[in-house]
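Right, one structure below, let's go through it.
Remember, predicted model here, so these are calculated numbers, not experimental data. All values below were derived from every heavy atom in this structure, side-chain atoms included, with hydrogens, water molecules and symmetry-related copies excluded. To find a chain, count down the sequence lines: A is the first, B the second, and so on, and within it residues start at 1.
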Amino acid sequence: MFEILEKKVLSPNEKLMKIKAPLIARKAQAGQFIILRIDEQGERIPLTIADFDREEGTITIIFLEVGKSTKQLGRLEVGDSLLNLAGPLGMPSEVKKYGTIVLIGGGVGIAPLYPIVRAMKAAGNYVISILGAKSKDLIILEEEISEYSDEFYITTDDGSKGSKGFVSDLLDQLIQRRNKKIDLVMAIGPVIMMKVVSDLTKKYSIKTLVSLNPIMVDGTGMCGGCRVSIGGKTKFACVDGPEFDGHLVDYQNLMLRNQRFVGHEKDACKLLEEKA
Amino acid sequence: MSVQKTKHPMPQQPAAERVHNFREVPLGYAPDVAVAEAKRCLQCKNKPCMKGCPVEIDIPGFLQCITLGDFEKAAEVIRAKNNLPAISGRVCPYEDQCECECTLKKAGEPVGIGRLERFIADYERTKGAVVPPRPQQNGKRVAVVGSGPAGLTCAGDLAKQGYDVVVYEALHAPGGVLMYGIPEFRLPKVIVHSEVDYIKKLGVTVDYDMVVGKSITVPELLEEFDAVFIGTGAGLPNWLNIPGENLDGVYSANEFLTRVNMMKAYEFPKSDTPVKIGKVVATFGAGNVAMDCARTSLRLGAEKSYILYRRTEAEMPARAEEIEHAKEEGVVFKLLTNPVRFIGTEKGILKEVEFLTMKLGEPDESGRRRPVPIPGSEQVLAIDTALVAIGQSPNPLIPQSMPDLKLGKHGNIITDEEGRTSIPGIFAGGDIATGAATVILAMGAGKKAARAIDQYLQAK
């Protein structure tokens, strides 16, 4: 059992939980994920690690309540425990000195960006961070990420905070302003955002990494449910990823595969609401 | 007295009934039938059947106990060698193992050894298995990675010899393929749990959610333990590598079976994990896993369940019994059929498979006649779901984390006959070493490795 030590409501549907998991904290690295299960009937839910503290023996997850299981997770309180928690899974981010890098987090994708920002800064990079969301309520970890950023920007779709528009608009301006001298772009967030960012950087031939979030079951390389098409080759996000070259990802297929069980999800949510 | 030439039949759920439920298909022998079947054994002095048993059960010994009505003693004889009899008594391909060597086979059907092992294991379970007293602990510790048939067997054997054994399981439930792969109607999960409980009662600890290679590495385990056994199985599904394989509606057998068996998708929404299959399902491949997929589909409500296989029935790798059961349940076999592409709707949802008709040509390196396509024989079959069951490759997590470990070209861990890897103190067995094989061979490998580990630690 894995106890919830801290819970924060970041926005109405977005929650942070710090969980006691010393073995996972000991090994966790930026870019990796965990799989959790709430109870005996629960599905295996993959979530990227938003933070970890080796000394305290904790990991932090941040999640958007999008389906039945994440809604149920959001109802747990401090002192409650998760039945299962496995990790860290996936390959860590390749942290090294690239030079000038732009790290982009969109919506709930801001959460996994945080440990990457911290690690990339520590590796000696000039870190430019861009956080994007629909509106100001959905911008999270602003202080934490800005602390490790040499330049820090916010964009919101409605202009309620930072500049109005999409992260890609701001990225385009940055690329122009820096005369294309950017060594790496990394984008984590909604699939469509990662696609738009990758399309843009491809024009300028700037190396771009994205962190993919396909549907998974076991998360250990066994089921192939999380397969993604990378440059025409089938890869498993759980063991080969979750980070891939953004210019090679078949985003359309990923979006499609992420819709596989929407009907079931709706039914399950309805039942949960009825029960509540 | 002449011996009955055929096995006593084992009752089973009628096909028309069982396709609507997940309950076990064969129902097991009644005690009097078991005794009568055991009496068919000739008690050959040279015990040929034992040559066919990877876990070295004294087969004539336990059969004799049955003839005397001493089922407890029979259980004891089996348990002396086999830690998982209720499992092997259900899924072992005994027709290729012990029964293949039976003297009676020369003039009829062999003794139903598999059915009798199952009978005894079930008898023992209802009475409560007798656990041997814990031996004196020898102070040595062994870590076992993976709680599938290889790992559980190795762990049980070592515990019986006084080792302190911890099994690390990556998933949230024990059993590996016994839990996620083999369906409930072939191997009820309560039976897996009860066999795991037996292993635990021998003194073995099972730790879940431990993804070795990620949560902890094998070299780290070696700091804490005197030896490590790796039994992580064949995880990674193989693909057909044809266009459209990533469409919505195409699953690997592993994903489909894991959703249904381990995550209990057939109980959705009571269980949170869904599965969807539509009306027409096509399974590709003809091994036991393919039969499991095709039969599971019917139980989930598919109106039509096809097996598409590029060779003929004679070349099918599945057990005869599984093929028979699939046919009885209405699975339709489309043989000499090779898929060339999956076709999706505009939205990317699977709607058809295009295939070629094959004919058998010259024998290939496996000795089987190679299927060759008949030009111009393209046809299209409308399907809602495709299940790809054409085998698995070894799980990559441990090899990824251990660059020094010697691997074969398919990513399998190279071992000698007894399971020693290229690194002293590290042993491996089962599908991770051999590539995808059977439960009983994995159990045999776990047993041999336990012996090698014991030798290694005695000499150390």
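For Q392(B), no part lies under 4.5 angstrom from a heavy atom of chain A. Only the side chain of Q72(A) comes within contact range of chain B, with heavy atoms under 4.5 Å apart. Residue S69(A) touches chain B through its side chain alone, counting heavy-atom pairs closer than 4.5 Å. Contact of N253(A) with chain B is made through the side chain alone, with heavy-atom distances under 4.5 Å. Residue F256(B): no heavy atom, backbone or side chain, is found under 4.5 Å from chain A. For a residue to count as touching a neighbouring chain, one of its non-hydrogen atoms must lie under 4.5 Å from one of that chain's; by this rule I215(A) touches chain B with the side chain only. Heavy atoms of E169(B) lying under 4.5 Å from chain A are absent altogether. Only the side chain of L397(B) comes within less than 4.5 Å of a heavy atom of chain A; its backbone N, CA, C and O stay farther away.
Contacts of residues 19-29 of chain A with chain B at a heavy-atom distance below 4.5 Å involve L23(A), R26(A), K27(A), listed in sequence order. For residues 238-246 of chain B, a heavy-atom distance under 4.5 Å to chain A picks out W239(B), E245(B), N246(B), given by residue number.
Atoms CD and CD, on E267(B) and Q41(A) in that order, are 8.0 Å from each other to the nearest 0.5 Å. Note: L272(A) CG to D272(B) CG = 9.0 Å, rounded to the nearest 0.5 Å.
Heavy atoms from other residues, nucleotides or ligands lying under 6.0 Å from NZ of K195(A) number 12 at most. Atom CD of Q252(A) is surrounded by 12 or fewer heavy atoms from other residues, nucleotides or ligands within 6.0 Å. For E55(A), the CD atom sits in a loose shell: 12 or fewer heavy atoms of surrounding residues, nucleotides or ligands are nearer than 6.0 Å. For E224(B), the CD atom is densely surrounded, since the number of other residues' heavy atoms within 6.0 Å is greater than 12.
Counting heavy-atom pairs closer than 4.5 Å to chain A, the top-ranked of the candidates A234(B), A173(B), G348(B) is G348(B). Top candidate by heavy-atom pairs under 4.5 Å with chain A, chosen from S271(B), G213(B), P396(B), G249(B), is S271(B). Interface check for chain B: of the options G221(A), G224(A), A268(A), the most heavy-atom pairs under 4.5 Å are formed by G221(A). Counting heavy-atom pairs under 4.5 Å between each of P269(B), S215(B), A170(B), S252(B) and chain A puts S215(B) at the top. Note: R37(A) leads R37(A), E265(A), R257(A) in heavy-atom pairs under 4.5 Å with chain B. Considering only heavy-atom pairs separated by less than 4.5 Å from chain A, the leading option among Q400(B), M210(B), K264(B) is Q400(B).
Counting only distance, with no hydrogens or angles, the side chain of D218(A) and the backbone of L171(B) share no donor-acceptor pair below 3.5 Å. Although no hydrogens or angles enter the test, the distance criterion places a donor-acceptor pair under 3.5 Å between the side chain of N254(B) and the main chain of M222(A).
Of all heavy-atom pairs between D209(B) and L83(A), the closest is OD2-O, 4.4 Å. The two residues E43(A) and T273(B) have their closest heavy-atom pair at CB-OG1, 3.3 Å.
Side chains of R227(A) and V250(B) form a contact here, defined as non-hydrogen atoms less than 4.5 Å apart. Annotation: side chain of V217(A) is not in contact with side chain of Y180(B) (no heavy-atom distance under 4.5 Å).
Between Y251(B) and F261(A), the ring planes lie tilted relative to each other; the angle falls in the 30° to 60° range.
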Practice prompt. For M91(A) and K214(B), run side chain to side chain contact (heavy atoms under 4.5 Å, CB included): C-alpha distance rounded to whole Å, both residues' side-chain angles, the deciding distance at 0.1 Å, then the answer.
Written response: CA-CA 9 Å; M91(A) 304 299 275; K214(B) 291 287 176 187; 3.9 Å; yes
